[in-house]
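Below is one structure, written out as structure tokens; the observations come after it.
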Amino acid sequence: MRHTRELTFTMLLRAYATASKTETVASNGKTGLKAADIANKLRSEKDIRANDKNEVPVSPLQNRVNELKQFSQQLQSVHPSVLAKALYRGILYQDQNIIAINKPYGVPLHNVDGIRNSIVECLPLLAKITDGMQEGSQLHFCHSLEKENTGVLILAKTEESAEHVQTLIRSHKVERKYLAVTVGVPVPSEGVIDIPIIEKEVTGPQPHFKMGLSPLFKVSEEGDGVTRVRAHRQAQSAVTQYRVLDSTSGCSLVELQPVTGVKNQLRVHMALALTCPILGDHKYAHWNKLAPQKLPEGILRRLGLVQSKTRYLPLHLHCRRIVLPGLKGHGDITVSCPLPKYYTNTLKRLQIPLPGKE
């Protein structure tokens, strides 16, 4: 109520100032501004503000996407100590060797592309907080998550622990489960993608590099079989297990388990091997250009979104669970992470049931 009175008083002062100028002109023989004119001016300004607010209607999903974009930008601009405390509050698991944090969307592990904040900048303070503010505390990355990925991120308290976890990952003894919303329904609904990946240059108006497929087999000229080809020396072995959990509205919720850890592996295998790109993957939804992901009209209607706004859609790829094998008689360590809000909102709009708890 007080705010309303102050706003009205400010408007009256502005109108009065305009009236005073007009009255000065009136003293030279012209008609002065009357009270009715002031009232009309106030009503006119109020109508203009109302029109400005209603000029562009924004759908609920656009609001959520814009909020997510702003949240990501805020995380990248806050002081590292603020981000470190936020990560501390999101710790999923810790013991004497490792801690697991809930990595937020839009924050890279390292300083790249001019982004001010990154997880690595927060590690010194996060280490001190988790270790009772002792000097010399350290944390080390055990694996990688891309800037757009969310979910479980394992950090080690010593270099030896980090190397041990990395060795377990390289020897395929660590179970990692991701959830992805895909545009399209993978066929078959369950299987293993075993296609090497190689970095390739994309030529054209916007030359750039992407990870692409480097198959070991090709279709015979007769089209009635396949023949094995020599592996490219620079190609990396890439294996992904996948399983469709549910699908509707032209989209699917897919569980992904990477056996190997090649850069962009899950995104490349889904987009290029199964032709079902991950929702919000603006890099691999097109191969020969850099452009926002193009979505079918039916999916746009479900999301309450127009094509020109798809560039704000975040990547729907979430590291949901990591299982580390137990050591010296101890049981396995299982770390699970809840889906971010934007992810669950998307599932609800697509009418895909939320996955059960792990």
Side-chain angles (χ1 to χ4, degrees), residues 51-74 76 104-106 113 115 146-150 178-187 200 202-213 244-254 256 264 266-318 339-354:
N51 290 335
D52 289 342
K53 290 181 181 179
N54 300 324
E55 183 178 355
V56 180
V58 180
S59 73
L61 183 66
Q62 290 174 26
N63 276 331
R64 291 200 299 273
V65 172
N66 289 336
E67 288 172 2
L68 178 67
K69 181 182 177 185
Q70 293 171 4
F71 176 64
S72 175
Q73 291 173 341
Q74 289 170 359
Q76 294 165 8
Y105 167 79
D113 301 329
I115 295 176
E146 298 172 38
K147 181 181 74 172
E148 297 85 0
N149 284 14
T150 58
Y178 288 74
L179 288 180
V181 177
T182 65
V183 181
V185 182
V187 177
K200 297 181 179 181
V202 180
T203 59
Q206 297 175 294
H208 59 283
F209 287 88
K210 287 181 180 178
M211 306 302 288
L213 299 178
V244 177
L245 301 181
D246 212 320
S247 61
T248 184
S249 308
C251 288
S252 302
L253 179 63
V254 183
L256 302 172
N264 297 161
L266 300 181
R267 297 165 67 178
V268 172
H269 274 171
M270 295 309 298
L272 304 182
L274 293 180
T275 63
C276 292
I278 297 173
L279 184 65
D281 190 350
H282 307 293
K283 183 174 184 179
Y284 291 101
H286 312 277
W287 172 255
N288 59 352
K289 60 182 177 180
L290 295 172
Q293 186 177 35
K294 188 173 178 60
L295 297 175
E297 287 296 326
I299 295 177
L300 289 174
R301 284 195 301 270
R302 286 283 189 181
L303 297 177
L305 199 64
V306 293
Q307 183 60 45
S308 62
K309 298 296 183 182
T310 59
R311 64 185 182 277
Y312 295 130
L313 273 174
L315 182 70
H316 285 63
L317 181 60
H318 177 76
L339 291 168
K341 186 177 179 180
Y342 76 84
Y343 203 119
T344 58
N345 285 336
T346 294
L347 292 179
K348 290 176 183 177
R349 279 193 162 263
L350 293 173
Q351 297 183 348
I352 296 177
L354 296 176

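Both backbone and side-chain heavy atoms feed into the values below; hydrogens, waters and symmetry mates do not. Note that the structure is a prediction, hence the values are computed from the model and not measured.
- Formation of a donor-acceptor pair under 3.5 Å by the Thr344 side chain with backbone atoms of Lys341 is found in this model.
- Put simply, the side chain of Val202 does not reach to within 4.5 Å of the side chain of Phe209, judged on heavy atoms.
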Chi angles and distances behind the side-chain contact (heavy atoms from CB on, under 4.5 Å) call for Leu315, Asn149: CA-CA 7 Å; Leu315 182 70; Asn149 284 14; 3.4 Å; yes
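- At a threshold of 4.5 Å between non-hydrogen side-chain atoms, the residues Leu313 and Leu295 count as touching.
- Under the 4.5 Å side-chain criterion, counting only non-hydrogen atoms from C-beta, Leu253 is in contact with Leu347.
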Stepwise side-chain contact (heavy atoms from CB on, under 4.5 Å) check, Tyr178 with His318: CA-CA 5 Å; Tyr178 288 74; His318 177 76; over 6 Å; no
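- When the options Leu279, Leu179, Thr150, Leu339 are evaluated for a side-chain contact (heavy atoms from CB on, under 4.5 Å) with His316, the one that passes is Leu279.
- Heavy-atom minimum distance, Pro186 versus Gly184: CD-O, 3.7 Å.
- Without hydrogens or angle criteria, Thr346 side chain to Tyr342 main chain gives a donor-acceptor distance under 3.5 Å.
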Steps toward side-chain contact (heavy atoms from CB on, under 4.5 Å) verdict (Leu290, Lys210): CA-CA 10 Å; Leu290 295 172; Lys210 287 181 180 178; 4.2 Å; yes
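- In this structure, the side chain of His286 does not engage the main chain of Tyr284 through any donor-acceptor pair within 3.5 Å.
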From CA spacing to verdict: side-chain contact (heavy atoms from CB on, under 4.5 Å), Trp287, Lys200: CA-CA 10 Å; Trp287 172 255; Lys200 297 181 179 181; 4.1 Å; yes
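- Panel note: side chain Ser252, backbone Thr182; no donor-acceptor pair is recorded below 3.5 Å.
- With rounding to the nearest 0.5 angstrom, the CG atom of Leu317 is 7.0 Å from the CG atom of Leu256.
- A search for ring-ring contact (aromatic ring centres under 6.0 Å, His included) contacts involving His269 returns nothing, not counting sequence neighbours.
- Listed by first then second residue, pairs satisfying salt bridge (Lys or Arg N to Asp or Glu O under 4.0 Å) with a partner in residues 283-295 number zero, not counting sequence neighbours.
- Side-chain contact between Arg267 and Glu146 is present, with at least one heavy-atom pair separated by less than 4.5 Å.
- Contact record, Gly212 with Leu272: CA-CD1, 4.1 Å, taken as the closest heavy-atom pair.
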Below 3.5 Å, can you tabulate the donor-acceptor pairs from side chains in residues 296-304 to any protein atom, sequence neighbours excluded?
from   : atom 1 : to     : atom 2 : distance (Å)
Arg302 : NE     : Ser249 : OG     : 3.0
Arg302 : NH1    : Gln351 : OE1    : 3.1

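- Counted by atom type alone, Gln293 and Asp281 present zero donor-acceptor pairs between their side chains at under 3.5 Å.
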